[in-house]
Asker: 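Let me give you the structure first, and then I'll get to my questions.
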Amino acid sequence: MTNAYKIALLSGDGIGPEIIGQATRVFDALELKRDVSFELISAPFGAHAYFEEGKAFPDATKAVCDEADAILKGPVGLSYEESKKIPVEEQPERGAILPLRARYNTFANFRPIFLSRDMAHFSPLKPEIIKEGIDILMIRELVGGLYFGKKERGINKDGQRYVHEILEYTEEQIRQVLIVAFEQARSRKKKLHNIHKSNVLMSSVFWNEVLDEVHKDYQDIEVIHLLVDSAATALCLNPGQFDVMVMENMFGDILSDQGGGILGSLGLMPSACVGPEKSYYEPSHGSAPDIAGKNIANPYSMIGSVAMMLEMSFGMKEEAGFVWEAMRSVFESGYSTADLSKSSDNIELVATDVFGDLVMAKLEELL
Ligand code: NAD
Ligand code: IPM
Ligand code: MN
């Protein structure tokens, strides 16, 4: 019997439609070569949804997402100046992304930071640091911390304006993401870097206490504790020491973009946002307003998010592997999108859609 999957397609803003247009071609290729069918249902989400419908995450889009087996989301958001045209609470980060994460409790954000040996030249780090490439899995807590804590603005008794933004976690929120991280460590190199700031933050002291409890069930895993500031340096000086890293929401936001930096571009950063019942998949980066509409964005992050969906939501591990292989073989054959190409390189620069053509040709060969 044919496996039939329903996917909510949220194209997003900026480069979103350009890169998602390449990513959905993977579904077409699979339908031709495998006994599987995909129903893609597009729905407005983000700044364009606000301008069209007055809501960044309209009710009809929520209904489409509720019905779907998985959600594929392009980046959303506008430039800082353009954002001011939207009331703060409807700006797509607060008005769409955070409500999407909360709706499906997507507590575990997988952000792989990977560069094959033959793509190592894309990294801005020196070859003696990069060595055989980079292979790190960052697991970022995604539905707690400062992002979701109580917020309050007011005027205090001295007439000073103030703001409170509270970093909140329950022990269960911490435990559930740590279990995911320990499981990943077990399936990889049995090594887990716990990134924290327990020298200052009570939330990190608490996080580490819960980690010690969870660790009792994973005694085969070596835990290495590293302060978040120190981790930022270590990612630049010796990324090879890391395998699986786990951290709270805000630390993970910042360090994962640094991960994109050591790869050479955020365009190499796909991600999976995993919940107990439903997961959604999106690049780690934003809508890149500086290059939107030019057909030069790197679609790897978006196509890679589809690969993660295939494996994690639909159990299509082999096919996901072929998608990665196809993309990497295009880069390894000497093609590149503009974000990664350096003028001194012997590299042929290709547009977003041409990169998609090359990936699809290779994928069809592999499937
Ligand atoms: P950004 O990630 O959009 O861009 C940072 C830099 O990376 C830019 O120079 C951009 O051109 C480049 N870049 C990003 N993705 C690329 C790709 N696929 N190919 C080539 N180059 C790429 O960050 P920003 O400019 O700080 O944010 C722009 C908007 O995106 C903001 O509104 C922000 O809130 C939003 N945002 C959304 C998400 C999301 O939807 N998950 C994530 C991050 C930022
Ligand atoms: C990310 C983004 C989001 C975050 C924003 C846009 C809400 O930066 O997915 O990394 O901070 O989580
Ligand atoms: Mn971010």
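Order of appearance sets the numbers: ligands from 1, and atoms from 1 within every ligand.
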Asker: Give the atom numbers and elements of ligand 1 that come within less than 4.0 Å of a heavy atom of Asp339.
Answerer: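 Selected atoms, number and element: 19 (N), 20 (C), 21 (N).
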Asker: Identify, by atom number and element, the atoms of ligand 2 in contact range of Ser284, meaning under 4.0 Å from any of its heavy atoms.
Answerer: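 That gives atoms 1 (C), 10 (O) of ligand 2.
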Asker: Could you see which bit of Glu282 sits under 4.0 Å from ligand 1, with heavy atoms only: side chain, backbone, both or neither?
Answerer: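 It is the side chain that gets close, since no backbone atom is under 4.0 Å.
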Asker: Do me a favour and list the nearest non-hydrogen protein atom to atom 2 (O) of ligand 1 with residue, atom name and distance?
Answerer: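 Going atom by atom, the protein heavy atom closest to atom 2 (O) of ligand 1 ends up being Gly286 N, 2.7 Å.
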Asker: Phe182 pairs by side chain to side chain contact (heavy atoms under 4.5 Å, CB included) with which of Val244, Val223, Val177?
Answerer: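 Answer after filtering Val244, Val223, Val177: Val223.
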Asker: Determine whether any protein heavy atom is located less than 4.0 Å from atom 30 (O) of ligand 1.
Answerer: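 Given the 4.0 Å limit, the answer for atom 30 (O) of ligand 1 is yes, a protein heavy atom qualifies.
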Asker: Kindly state whether the ring of Tyr300 and the ring of Phe355 have centres lying under 6.0 angstrom apart.
Answerer: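 So the answer is no for these two rings.
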Asker: Give the atom numbers and elements of ligand 1 that come within less than 4.0 Å of a heavy atom of Pro75.
Answerer: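 With Pro75 as reference, the close atoms of ligand 1 come out as 40 (O).
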Asker: To check your reading of the model: name the closest protein heavy atom to atom 33 (C) of ligand 1, its residue, and the distance in Å.
Answerer: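 So the nearest neighbour among protein heavy atoms is Glu93 OE2, 3.4 Å.
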Asker: For a 4.5 angstrom cut-off between non-hydrogen side-chain atoms, does Glu141 reach Asn109?
Answerer: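 When only atoms from C-beta onward are counted, Asn109 and Glu141 do not touch, as no gap falls below 4.5 Å.
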Asker: Could you check whether Glu171 pairs with Arg175 (Lys NZ or Arg NE/NH1/NH2 to Asp/Glu carboxylate O, under 4.0 Å)?
Answerer: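 Looking at Glu171 and Arg175, the cut-off is met.
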Asker: Within the structure, does at least one protein heavy atom fall under 4.0 Å of atom 21 (N) of ligand 1?
Answerer: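 There is a protein heavy atom less than 4.0 Å from atom 21 (N) of ligand 1.
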Asker: Can you tell me if Gln91 contacts ligand 1 (heavy atom of the residue under 4.0 Å from the ligand)?
Answerer: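 No heavy atom of Gln91 comes that close to ligand 1.
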Asker: With a 4.0 Å cut-off on heavy atoms, is Arg140 touching ligand 2?
Answerer: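 Contact present.
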Asker: Strictly under 4.0 Å, does any heavy atom of Arg101 approach an atom of ligand 2?
Answerer: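 It does; at least one heavy atom falls under 4.0 Å.
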Asker: Going by the order shown, which atoms of ligand 1 are within less than 4.0 Å of some heavy atom of Ile97?
Answerer: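 By the 4.0 Å cutoff, the relevant atoms are 39 (C), 40 (O), 41 (N).
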Asker: Out of Arg111, Met250, Glu93, whose heavy atom sits nearest atom 9 (O) of ligand 2?
Answerer: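 It is Arg111 that holds the nearest heavy atom.
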Asker: Tell me which protein heavy atom sits closest to atom 10 (C) of ligand 1, plus the residue, atom name and distance to 0.1 Å.
Answerer: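 Among all protein heavy atoms, the one nearest atom 10 (C) of ligand 1 is Asp290 OD1, 3.4 Å.
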Asker: Nearest protein heavy-atom contact for atom 11 (O) of ligand 2: which residue, which atom, what distance?
Answerer: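 Ranking protein heavy atoms by distance from atom 11 (O) of ligand 2, first comes Tyr147 OH, 2.6 Å.
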Asker: Is the distance from the Mn ion (ligand 3) to some N, O or S atom of Asp253 under 2.8 Å?
Answerer: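 Under 2.8 Å: Asp253 contacts the Mn ion (ligand 3) through an N, O or S atom.
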Asker: Does the plane of the ring in Phe38 sit parallel, tilted or perpendicular to the ring in Phe27? Use 30° and 60° as the thresholds.
Answerer: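 Rings of Phe38 and Phe27: tilted, 30 to 60°.
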Asker: Is any NZ, NE, NH1 or NH2 atom of the basic residue among Lys55 and Glu90 found under 4.0 Å from an Asp or Glu carboxylate oxygen of the other?
Answerer: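 Yes, this pair counts.
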Asker: Looking at atom 4 (O) of ligand 1, what's its closest protein heavy atom, distance included?
Answerer: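 Protein heavy atom at minimum distance: Ala288 CA, 4.2 Å.
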Asker: Is the charged tip of Arg140 near the ring of Tyr147: under 6.0 Å from the six-membered ring centre and within 45° of its axis?
Answerer: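 Yes, a cation-pi geometry holds between Arg140 and Tyr147.
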Asker: Give me the nearest non-hydrogen protein atom to atom 18 (N) of ligand 1 as residue plus atom name, then the distance to 0.1 Å.
Answerer: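 For atom 18 (N) of ligand 1, the nearest protein heavy atom is Asn298 O, 2.9 Å.
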Asker: Between Lys191 and Glu222, is there a salt bridge with N-O shorter than 4.0 Å?
Answerer: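 A salt bridge is absent here (no side-chain N lies under 4.0 Å from a carboxylate O).
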Asker: Do the two ring centres, one from Phe314 and one from Tyr5, sit under 6.0 Å apart?
Answerer: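 That pair passes the under 6.0 Å test.
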Asker: Who's closest to atom 10 (O) of ligand 2 heavy-atom-wise, of Asp253, Val76, Ile97?
Answerer: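 Result: the heavy atom closest to atom 10 (O) of ligand 2 is in Asp253.
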Asker: Please report whether the ring centroid of Phe57 lies less than 6.0 Å from that of Phe45.
Answerer: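 Ring-ring flag for Phe45/Phe57: true, centres closer than 6.0 Å.
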Asker: Any idea which part of Pro289 is under 4.0 Å from ligand 1, heavy-atom wise: side chain, backbone, both or neither?
Answerer: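 Under 4.0 Å from ligand 1, Pro289 contributes side-chain atoms alone.
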Asker: Is NZ or CZ of Lys73 both nearer than 6.0 Å to the six-membered ring centre of Tyr281 and within 45° of the ring axis?
Answerer: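 Because its charged atom misses either the 6.0 Å distance or the 45° angle limit, Lys73 does not stack over Tyr281.
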Asker: Would you check whether Gly46 reaches within less than 4.0 Å of ligand 1, judged by its heavy atoms?
Answerer: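 Contact absent.
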Asker: Look at the side chain of Thr352 and the backbone N and O of Asn298, then say whether any donor-acceptor pair between them is shorter than 3.5 Å.
Answerer: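 Not confirmed, Thr352 side chain does not pair with Asn298 backbone.
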Asker: How far is atom 35 (C) of ligand 1 from its nearest protein heavy atom, and which residue and atom name does that atom have?
Answerer: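 For atom 35 (C) of ligand 1, the nearest protein heavy atom is Val76 O, 3.1 Å.
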